[in-house]
Amino acid sequence: MFRGRLIRVAFFGLAVVTGALPGRAPAETLRVITGTASAPLQVPMNRAVVVESDAPFVELSIANPGIADISSLSDRTIYVLGKEPGRTTLTILGADGQLITNVEVHVTPDIAEFKERLEQILPGENIEVRTANDGIVLSGTVSSIARLDRAMELAQRYAPERVSNLMTVGGTQQVMLRVRFAEMQRTVSQSLSSSLALGGSTLGGDLGVRAGTNTLNTAGAATGALGGTLPGANENNGAMLFGFNAGGLQVGLLLEALESRGVVRTLAEPNLTALSGQEARFLAGGEYPVPVNDGGSISVEYKPFGVELNFIPRVIDGDLINLELNAAVSSIDPSNGITVNGFNIDAFRRRETSTTVEMRDGESFAIAGLLSDDFRDLSGQVPWLGDVPVLGALFRSAEFSRAQTELVIIVTAHLVTPTRGEALALPTDRVRPPSESDLFLFGRVEASRAPTTGGAGEVARQDFSGSYGYVLD
């Protein structure tokens, strides 16, 4: 008897202390009237609710003590403490085992404290918090994915693995990426060589000498040079042939010189738009067929080459964009190809970069330093003869070449929203097929017309003076 009173006093003190803690509301009260159905009892986890009965009770029981704990404070007052989220039943019995009522006890996560913390951490966000069974349901609209992740992480603290996300992200969630690929190739090469051929007859007979160096090192080339014809194998930009006779001796001297310079520019400017978190791809080039041995049969695989771009944008917060980018520039390189089973397979020259950056709307970043510099210096001479002073230059050749390639990639990100199709203009809006009179009388293969609707029509109504438009060199 004394022990029962001690337990009741202890629970009563716990209820008083719990209600007096800072930041916690006092225990709620549910009144039970005999003969009527009792309303469900909502008990937050680790919080207390007091149940009062209009008739004295003798016995109490709880279906699942793991969900809620009960204690009688008096013969008409019951203290209910939520322990774990879930549903259970509280049974109240009167004298002679008469049933007074069954109270459905629903223990839910303590969302009151969760709402307070959510308002402190994410002020101004329209997030609605509800309970569902033993979990938390979040709904509403948030301003960014980062804030959505923070709300979900906080909710997991109160209901681990029992959080349902029904929130949506507002604002602009589409990213347009403007990428500019610029590649410059510069080549410089110089070469200087000389060749000597001798021929003729002397001592009353045919000497039969057909000799030469470098380009004139074959009998046919030497014969043609002695006859005043440049060798067919000559590919240099400058070649001069000198010849003279000294009695029965014929001398042919060929001087060859080469100097070439070249500049090549490769440029691609793709504009791609993708939803936040989705991947977009771009390829400007082609596909190269490669034979593959597949179990004894030959099949063909196609390898892409050209300017490639893959990116995944993620709008983190407001206008802050996380960008995962893969870019590559490749080309066919026949000089490093191989021959397999009669198939000539070319190699590829490829430069690629992969990076992840964060940038704001309208900002740009550049990827540079993709530079290659090939240098070759080659000299050759006839042994011993090339070392002779002055005349040794006729038996030497020198060649120099240098090739430089530099690739620069500039990326600009924009947050965009769709627009109406009527507001967009195409280059073909101003061109229409020619009529019969335009084609046969005036020789026109196209007829220009001024658009009256859409974006092109708006531009056409403007008054321009002087030259305008695009100029292609």
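Worth knowing before you read on, the calculation uses all heavy atoms, side chains too, and leaves out hydrogens, waters and symmetry mates. Just so you know, these numbers come straight off a predicted model, no measurement behind them.
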Less than 4.5 Å apart, any side-chain heavy atom of [X] and any of [Y]?
| X | Y | value |
| --- | --- | --- |
| Leu309 | Asn326 | no |
| Leu99 | Thr91 | yes |
| Ile127 | Leu122 | yes |
| Leu90 | Val80 | yes |
| Ile321 | Glu358 | no |
| Ile410 | Phe181 | no |
| Leu325 | Ile367 | yes |
| Pro313 | Leu323 | yes |

Residues [X], [Y]: salt bridge by 4.0 Å N-O rule:
| X | Y | answer |
| --- | --- | --- |
| Glu104 | Arg87 | yes |
| Arg281 | Glu308 | no |
| Lys303 | Glu287 | no |
| Lys115 | Glu128 | no |
| Arg402 | Asp374 | no |

Do you see a donor-acceptor pair shorter than 3.5 Å between the side chains of [X] and [Y]?
| X | Y | answer |
| --- | --- | --- |
| Asn344 | Thr339 | yes |
| Ser139 | Arg130 | yes |
| Thr108 | Thr131 | no |
| Thr141 | Asn126 | no |

Above 12 or not: heavy atoms from other molecules or residues under 6.0 Å from [atom1] of [X]?
| X | atom1 | value |
| --- | --- | --- |
| Tyr302 | OH | no |
| Gln190 | CD | yes |
| Arg186 | CZ | yes |

Between Ala151 and Leu138, which heavy-atom pair has the shortest distance, and what is it?
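Looks like O-CD1, 4.0 Å.
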When every non-hydrogen atom of Val105 is compared with those of Ala68, the smallest separation belongs to CG1-CB, 4.2 Å
| said: Show every ring pair (Phe, Tyr, Trp, His ring centres under 6.0 Å) that has at least one partner inside residues 93-143, sequence neighbours left out. | reply: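 Passing the test, one end in residues 93-143: Phe114-Tyr158.
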Residues Thr412, His414; criterion side chain to side chain contact (heavy atoms under 4.5 Å, CB included); working and verdict
CA-CA 7 Å; Thr412 306; His414 297 280; 3.3 Å; yes
Is a side-chain N or O of Asp346 found less than 3.5 angstrom from the main chain of Ile332, in a donor-acceptor match? no
Query raised in the report: Hey, mind stepping through Val49 and Arg47 against side chain to side chain contact (heavy atoms under 4.5 Å, CB included) and telling me if it holds?
Result: CA-CA 7 Å; Val49 171; Arg47 301 283 292 274; over 6 Å; no
On the 0 to 90° scale, with breaks at 30° and 60°, tag the Phe305-Phe348 ring pair as parallel, tilted or perpendicular. tilted
- Run the side chain to side chain contact (heavy atoms under 4.5 Å, CB included) check on Ile136 and Ile111 step by step: do they pass? CA-CA 8 Å; Ile136 296 177; Ile111 63 174; 4.2 Å; yes
Criterion salt bridge (charged side-chain N to carboxylate O under 4.0 Å, His left out) on Glu119 and Arg117, from CA distance to verdict
CA-CA 5 Å; Glu119 182 65 26; Arg117 298 294 177 265; over 6 Å; no
Inset, instruction - Run the ring-centre check on Phe375 versus Phe400 and record whether the distance is less than 6.0 Å. - result: yes
